[in-house]
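Below: the structure, in C-alpha cells.
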Amino acid sequence: MTAASDALSRPIAVADVPAAGLEVTVEASEAERAELARRFGTGPIDRLVGSFSLTGTSERIHVTGIVEAGLIQTCVVTLEPFATNMREEVDVTFMSTPALERWRAAFEEPEAGETPAEDEPDEIVGGAVDLGAVTAEFFALGLDPYPRKPGAQFQYEGGDDGKTSPFAVLKNLPRREGQ
C-alpha cells in the first residue's frame with residue numbers, strides 16, 4: 001500500500017470474513033479527506049467511498065469493488081479549479097505470510113520469458129487487511145494526472161516570428177526509390 005494510505009485506515013480481521021463473504025463500505029471522514037487532498041495535491045475532496053466485497057480464507061482474501069470520489073482538481077489548460085468525479089475498480093488479493101512465500105517460490109525461477117499470470121498479492125498484516133489503505137491507494141490510482149476542465153481547449157498563441165523551421169528543408173529533398 002502507498003505511504004499516504006496511513007491517512008485512512010479501516011483494518012478488517014480476516015478471521016471475521018465468513019465463508020459466504022463480507023460486504024464492507026469505507027467512507028472517509030472530513031479530516032481524512034483533507035489529509036488525503038494535502039498528500040495527493042488535489043483540491044478539496046467532497047466525497048471518498050470504497051465499496052468492497054471480500055471472499056476467501058484466513059490464508060487468502062480476494063477484494064473486489066469500487067472506489068469513488070468527488071473532488072476539486074486544477075485544469076492543466078486553464079489553471080482553473082473544477083469539480084470532477086473519479087471511479088476506480090478494485091481487484092486485489094491478500095495472502096498470509098506463509099501463503100505469500102509459497103506464491104513467490106513458485107515464480108522464483110521461471111522459465112525464460114515466463115512471468116506470473118497475476119500481480120503479486122499484498123500481504124495480510126497482523127491478521128487483517130486494511131480497506132482504508134486500499135481505498136486511498138485506488139483513489140490515487142484513479143486520479144487523472146492531467147485533469148482538464150470540460151470544454152477546455154489548448155490554443156497555442158505563440159508565433160514563429162517569421163522563422164522557418166530547420167526541418168522545412170527536408171520536404172524539398174528528393175525521395176529515393178522504395179520510400
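Computation of the quantities below employed the complete heavy-atom set of this structure, encompassing side-chain atoms and omitting hydrogens, waters and symmetry-equivalent molecules.
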Which atom of Pro81 lies closest to which atom of Ile72, heavy atoms considered: CB-CG2, 3.7 Å
Distance (rounded to the nearest 0.5 Å) between Glu32 CD and Ile45 CD1: 10.5 Å
Minimum heavy-atom distance Pro150-Phe82, with the two atoms named: CD-CD1, 4.0 Å
Pairwise side-chain contact, Arg102 with Pro98, heavy-atom cut-off 4.5 Å (strictly under): yes
Verify same cluster id: Leu141, Val49 (apolar side-chain graph, 4.5 Å): no
Whether Arg10 side chain and Leu131 backbone form a donor-acceptor pair below 3.5 Å: no
Smallest separation among heavy atoms of Asp144 and Pro147, with atom names: O-CD, 3.3 Å
In one Ile/Leu/Val/Met/Phe/Trp/Tyr side-chain cluster, 4.5 Å: Val77, Tyr146: yes
Co-membership, hydrophobic cluster, residues Leu48 and Val24, 4.5 Å side-chain: yes
Pair Ser96, Glu59: side-chain N/O donor-acceptor within cut-off below 3.5 Å: yes
Option passing side chain to side chain contact (heavy atoms under 4.5 Å, CB included) with Thr64 (candidates Val90, Thr93, Asp91, Leu54): Asp91
For the student: nearest non-hydrogen atoms of Ala37 and Gly43, plus distance: CB-O, 3.4 Å
Note, Met86 side chain near Glu68 side chain (heavy atom, < 4.5 Å): no
Pairwise distance CG(Leu22) to CD1(Ile12) - rounded to 0.5 angstrom: 6.5 Å
Between CZ on residue Arg33 and CZ on residue Arg47, distance to nearest 0.5 Å: 10.0 Å
Close side-chain approach of Leu8 to Leu36, heavy-atom, < 4.5 Å: yes
Over all atoms of both residues, closest heavy-atom pair of Thr78 and Lys149: OG1-CD, 4.3 Å
Within-4.5 Å side-chain heavy-atom neighbours: Gln73 and Leu143: yes
Sub-4.5 Å side-chain heavy-atom contact between Val134 and Phe94: yes
Distance in Å, Arg39 CZ paired with Phe139 CZ, rounded so as to fall on 0.5 Å steps: 13.0 Å
Pairs meeting criterion side-chain hydrogen bond (donor to acceptor under 3.5 Å, both in side chains) with involvement of residues 17-28, two or more places apart: Glu23-Ser53
Short side-chain donor-acceptor distance under 3.5 Å, Thr97 and Glu123: yes
Partners passing salt bridge (Lys or Arg N to Asp or Glu O under 4.0 Å) against Arg38 (at least two apart in sequence or in another chain): Glu35
Close side-chain approach of Val63 and Ile61, heavy atoms under 4.5 Å: yes
Worked check of side-chain contact (heavy atoms from CB on, under 4.5 Å) between Leu100 and Glu120: CA-CA 8 Å; Leu100 189 55; Glu120 181 170 327; 4.2 Å; yes
Same apolar cluster: Leu71 and Ile66, side chain cutoff 4.5 Å: no
same_hphob_cluster(Val125, Val129) at 4.5 Å side-chain heavy-atom cutoff: no
4.5 Å side-chain heavy-atom contact, Val67 and Phe52: yes
Those residues that, when tested against Pro11, pass side-chain contact (heavy atoms from CB on, under 4.5 Å) (two or more places apart): Ser9, Ala128, Asp130
